[in-house]
Amino acid sequence: MSTETADGRESHLRSVTITTITALAGVGAAIASAYVTGDVSAVEAAKNQQAQLVVLAAIVVQYPLFSVMGYDDFGGVKDYLFVAFMTFSLWFITWGIILMTGVTF
């Protein structure tokens with residue numbers, strides 16, 4: 001559109017990129033958590049602390065990744081919480097589906 005500026009497009013691209021990476025990191029962490037727990041019951045898998053550390057590692061690894069990509073201008077706590085919440089939410093939902101359906105890796 002003629003009224004959009006290049007800065008507006010860059011901001012939108014930044015938002016879409018960060019949201020996509022956090023969502024994919026959450027789904028990847030869920031698959032990795034399922035792999036870590038192996039073939040155990042859903043209750044035992046949910047108690048596995050190593051599987052829970054996978055999502056923490058997925059969250060922490062994203063901040064240096066965003067810095068390398070040039071998106072290190074996080075405005076404050078809100079941006080950090082967004083990354084953590086999106087990653088955790090997608091991990092929680094995906095891992096819950098994996099556990100309830102009995103998929104093994």
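All residue numbers refer to positions in the sequence shown, counting from 1.
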Beyond-backbone contact of F85 with I59, side-chain heavy atoms, under 4.5 angstrom:
no
In this structure, NZ of K47 is separated from CD of E44 (nearest 0.5 Å) by 5.5 Å
Please determine whether residues L99 and F88 belong to a single hydrophobic cluster, defined as Ile, Leu, Val, Met, Phe, Trp and Tyr linked transitively by side-chain heavy-atom distances below 4.5 Å.
yes
Rounding to 0.5 Å, atoms OG1 (T17) and CD (E10) come to a distance of 11.5 Å
Nearest non-hydrogen partners of V54 and A29, listed with the distance
CG1-O, 3.5 Å
Shortest non-hydrogen contact between P64 and V61, atoms and distance
CD-O, 3.3 Å
A58 to T87 - nearest heavy-atom pair and separation:
CB-CG2, 4.2 Å
Side chain to side chain donor-acceptor pair (under 3.5 Å) evaluation trace for Q52 with S33:
CA-CA 7 Å; Q52 295 170 1; S33 292; over 6 Å; no
Name of the residue among T37, V55, V27, I31 meeting side-chain contact (heavy atoms from CB on, under 4.5 Å) with W95
T37
Between CD1 of I98 and CD1 of I93, what distance do you get to the nearest 0.5 Å?
12.0 Å
Out of curiosity, I18 CD1 to T22 OG1, how far, rounded to the nearest 0.5 Å?
8.0 Å
Give the minimum heavy-atom separation between L90 and T94, together with the two atoms involved.
O-OG1, 2.8 Å
Using the rule that two of Ile, Leu, Val, Met, Phe, Trp, Tyr join whenever any of their side-chain heavy atoms come within less than 4.5 Å, decide whether V83 and V77 are in one cluster.
no
Inter-residue atom distance W91.CH2 - M86.CE, 0.5 Å rounding
15.5 Å
Applying salt bridge (charged side-chain N to carboxylate O under 4.0 Å, His left out) to D72 and not counting sequence neighbours gives none
Sub-4.5 Å side-chain heavy-atom contact between I21 and L65:
yes
Locate the shortest heavy-atom distance separating Y63 from Y80; write the atom from each residue and the value.
OH-O, 2.9 Å
